Engineer: 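Dumping the structure here so I can ask a few things about it.
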Amino acid sequence: MEKNIILQKKKSDQKVRILTMTAVLSAISFILAFFEFPVPLSPSFARMDLSDLPALIGAFAYGPETGILIEFVKNVLQLPTTSTGGTGELANFIMGGSFVSVAGLIYKFHKTKKTAIIACLIASVIMGIVAAAVNYFILLPLFETFMPLEQLIASFGEFMPFIKTKFDVVIFNAFPFNLLKGIGISAFTMLFYTHLSPFLKGSQQ
C-alpha cells in the first residue's frame with residue numbers, strides 16, 4: 001500500500017514537472033520567435049528564427065505531443081501581435097509541428113544518439129517538403145496581398161536569376177532553406193540536449 005502511494009506520488013510529481021517544463025519551453029520558444037534573421041539569398045521579408053529549438057528539445061524529452069503543444073502555445077501567444085490575421089502563425093505551426101512531431105516520434109521508440117541524429121535529418125527533410133507546400137499554398141498567396149505575384153517572384157529572382165515561377169520559389173528557396181534551418185536547429189539540440197535532459201526529467205533518468 002505504502003509502495004503504491006509512493007509510486008503514485010512520483011507519477012504525480014513527474015506530471016507536474018512535465019507541465020512546468022512544457023510551459024517554460026513554450027515561453028522560451030515564444031521569446032526566440034522575436035529574434036528573426038534574414039534568409040540568405042532572399043528578399044528582406046523572408047525571415048527565420050530558432051523558436052523551434054525548445055519544441056524539439058521538448059519532443060525529445062517528453063514525446064512528440066509535447067513538441068506539438070509547445071509549437072501550438074508559441075503561435076497562440078503570437079496572435080495578439082500578428083500582422084497576418086493568424087495566417088502566418090498557422091503556417092508556422094504546420095511547419096514547426098511537422099518537424100518536431102516526426103523527430104520526436106522516431107526518437108521515442110529508440111532513444112540513442114544515433115537515432116536522434118537520424119530522426120533530426122528525416123524531420124529536416126520533412127519540414128523542407130512541408131515548408132515548400134505551405135509557402136506555395138499559404139505564405140506566397142499571403143504576400144501577394146501586399147505585392148503582385150510577378151513582383152514577388154522577381155524579388156526572389158534578384159538573388160537567384162533562375163527563379164522564374166512561383167514553383168521555382170518553393171523549390172529553390174523555401175525547401176532548401178527550411179531544410180538547412182532544420183539541420184541547424186538539430187545541431188543545437190544535439191549540443192544542448194544531453195546536458196538539459198537530467199534537469200528536464202528530474203529524477204527520471
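A quick note: this is a predicted structure, and the numbers were derived from the prediction, not measured. FYI, the numbering just counts along the sequence from 1.
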Engineer: Nearest heavy-atom pair of Cys120 and Met190: which atoms, and what distance?
Structural biologist: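 Heavy atoms of Cys120 and Met190 come nearest at SG-CE, 4.0 Å.
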Engineer: Only counting residues at least two apart or in another chain, list the ones meeting side-chain hydrogen bond (donor to acceptor under 3.5 Å, both in side chains) with Thr194.
Structural biologist: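 For Thr194, no residue satisfies side-chain hydrogen bond (donor to acceptor under 3.5 Å, both in side chains) once neighbours in sequence are set aside.
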Engineer: Name every donor-acceptor pair, under 3.5 Å, that has one atom in a side chain of residues 25-40 and the other anywhere in the protein, sequence neighbours excluded.
Structural biologist:
unit_1	atom_1	unit_2	atom_2	d
Ser26	OG	Thr22	O	2.7
Ser29	OG	Ser51	O	2.5

Engineer: How far does OG of Ser197 sit from NZ of Lys111, to the nearest 0.5 angstrom?
Structural biologist: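 One gets 8.0 Å once the value is rounded to the nearest 0.5 Å.
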Engineer: Please report the interatomic distance CD(Gln78) to CZ(Phe93), rounded to the nearest 0.5 Å.
Structural biologist: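 Gln78 CD to Phe93 CZ: 12.5 Å, rounded to 0.5 Å.
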Engineer: Could you tabulate the donor-acceptor pairs under 3.5 Å formed by side-chain atoms of residues 130-149, not counting sequence neighbours?
Structural biologist:
unit_1	atom_1	unit_2	atom_2	d
Asn135	ND2	Ala131	O	2.7
Thr145	OG1	Leu142	O	2.5

Engineer: According to the salt bridge (charged side-chain N to carboxylate O under 4.0 Å, His left out) rule, which pairs have a member within residues 175-191, sequence neighbours left out?
Structural biologist: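 Only Asp52-Lys181 qualify under salt bridge (charged side-chain N to carboxylate O under 4.0 Å, His left out).
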Engineer: Give a yes or no on whether Ile129 and Leu105 share a hydrophobic cluster (residues Ile, Leu, Val, Met, Phe, Trp, Tyr; joining criterion: side-chain heavy atoms under 4.5 Å apart).
Structural biologist: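 No, it is not one cluster - the side chains of Ile129 and Leu105 are not joined through contacts under 4.5 Å.
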Engineer: Compare every heavy atom of Ala119 with every heavy atom of Ala103, then report the nearest pair and how far apart it is.
Structural biologist: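 What the structure gives for the nearest pair is O-CB, 3.6 Å.
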Engineer: Which residue pairs satisfy the ring-ring contact (aromatic ring centres under 6.0 Å, His included) criterion with at least one member in residues 155-174, sequence neighbours excluded?
Structural biologist: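 Only Phe45-Phe156, Phe162-Phe172 qualify under ring-ring contact (aromatic ring centres under 6.0 Å, His included).
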Engineer: Please name the pair of heavy atoms, one in Phe177 and one in Met48, separated by the smallest distance, quoted to 0.1 Å.
Structural biologist: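 Distance-wise, the nearest heavy atoms are O-CE, 2.9 Å.
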Engineer: Quick one: list whatever passes side chain to side chain contact (heavy atoms under 4.5 Å, CB included) with Ile122, sequence neighbours left out.
Structural biologist: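 Applying side chain to side chain contact (heavy atoms under 4.5 Å, CB included) to Ile122 gives Val102, Ile106, Ile118, Ile126.
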Engineer: Not counting sequence neighbours, list each pair that qualifies as a ring-ring contact (aromatic ring centres under 6.0 Å, His included) and has a residue in residues 178-197.
Structural biologist: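 Residue pairs with at least one partner in residues 178-197: Phe60-Tyr193.
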Engineer: Measure the CG-CG distance between Leu79 and Leu90 for me, rounded to the nearest 0.5 Å.
Structural biologist: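 Rounded to the nearest 0.5 Å, the CG-CG separation comes to 10.0 Å.
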Engineer: Which atom pair, heavy atoms only, marks the closest approach of Ala61 to Leu200?
Structural biologist: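 Closest pair (atom of Ala61, atom of Leu200, distance): CB-CD1, 3.9 Å.
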Engineer: In terms of hydrophobic clustering (I, L, V, M, F, W, Y; side-chain heavy atoms under 4.5 Å; direct or indirect links), are Leu56 and Phe109 co-clustered?
Structural biologist: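 Different clusters: Leu56 never reaches Phe109 through Ile, Leu, Val, Met, Phe, Trp or Tyr contacts under 4.5 Å.
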Engineer: For Phe199 and Met21: C-alpha separation, side-chain torsions, deciding distance, then whether side chain to side chain contact (heavy atoms under 4.5 Å, CB included) applies.
Structural biologist: CA-CA 9 Å; Phe199 173 73; Met21 290 298 101; 3.7 Å; yes
Engineer: Scan for side chain to side chain donor-acceptor pair (under 3.5 Å) pairs involving residues 113-127, sequence neighbours excluded, and state none if there are none.
Structural biologist: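 Every side chain to side chain donor-acceptor pair (under 3.5 Å) pair that includes a residue of residues 113-127, provided the two are not neighbours, is His110-Thr115, Thr112-Thr115.
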Engineer: Listing request: all salt bridge (charged side-chain N to carboxylate O under 4.0 Å, His left out) pairs with a residue in residues 189-199, at least two apart in sequence or in separate chains.
Structural biologist: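 Listed by first then second residue: nothing to list.
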Engineer: Please report the interatomic distance OH(Tyr62) to CD1(Ile57), rounded to the nearest 0.5 Å.
Structural biologist: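 It is 10.5 Å, given to the nearest 0.5 Å.
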Engineer: For Asn173, enumerate each residue passing the side-chain hydrogen bond (donor to acceptor under 3.5 Å, both in side chains) test, keeping only those at least two apart in sequence or located in another chain.
Structural biologist: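 Ser42.
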Engineer: What heavy-atom pair brings Phe175 and Val125 nearest, and what distance separates the two atoms?
Structural biologist: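 Smallest interatomic distance, heavy atoms only, reads CE1-O, 4.0 Å.
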Engineer: Show me the pairs that pass salt bridge (charged side-chain N to carboxylate O under 4.0 Å, His left out) and involve residues 150-159, at least two apart or across chains.
Structural biologist: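 Residue pairs with at least one partner in residues 150-159: there are none.
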Engineer: Considering all heavy atoms of both residues, which atom of Ser98 and which atom of Ser101 are nearest to each other, and what is their separation?
Structural biologist: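 Nearest heavy atoms, Ser98 then Ser101: O-OG, 3.2 Å.
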Engineer: To the nearest 0.5 Å, how far apart are OG1 in Thr189 and CG in Leu53?
Structural biologist: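 CG of Leu53 is found 4.5 Å from OG1 of Thr189.
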Engineer: Could you state whether Ile117 and Tyr107 fall into the same hydrophobic cluster, counting links through intermediate Ile, Leu, Val, Met, Phe, Trp or Tyr residues with side-chain heavy atoms under 4.5 angstrom apart?
Structural biologist: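 Cluster IDs for Ile117 and Tyr107 match.
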Engineer: Test: side chain to side chain donor-acceptor pair (under 3.5 Å). Region: residues 88-97. Which pairs qualify, not counting sequence neighbours?
Structural biologist: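 Of all non-adjacent pairs touching residues 88-97, those that pass side chain to side chain donor-acceptor pair (under 3.5 Å) are Lys74-Asn92, Asn75-Asn92, Thr82-Glu89, Thr84-Glu89.
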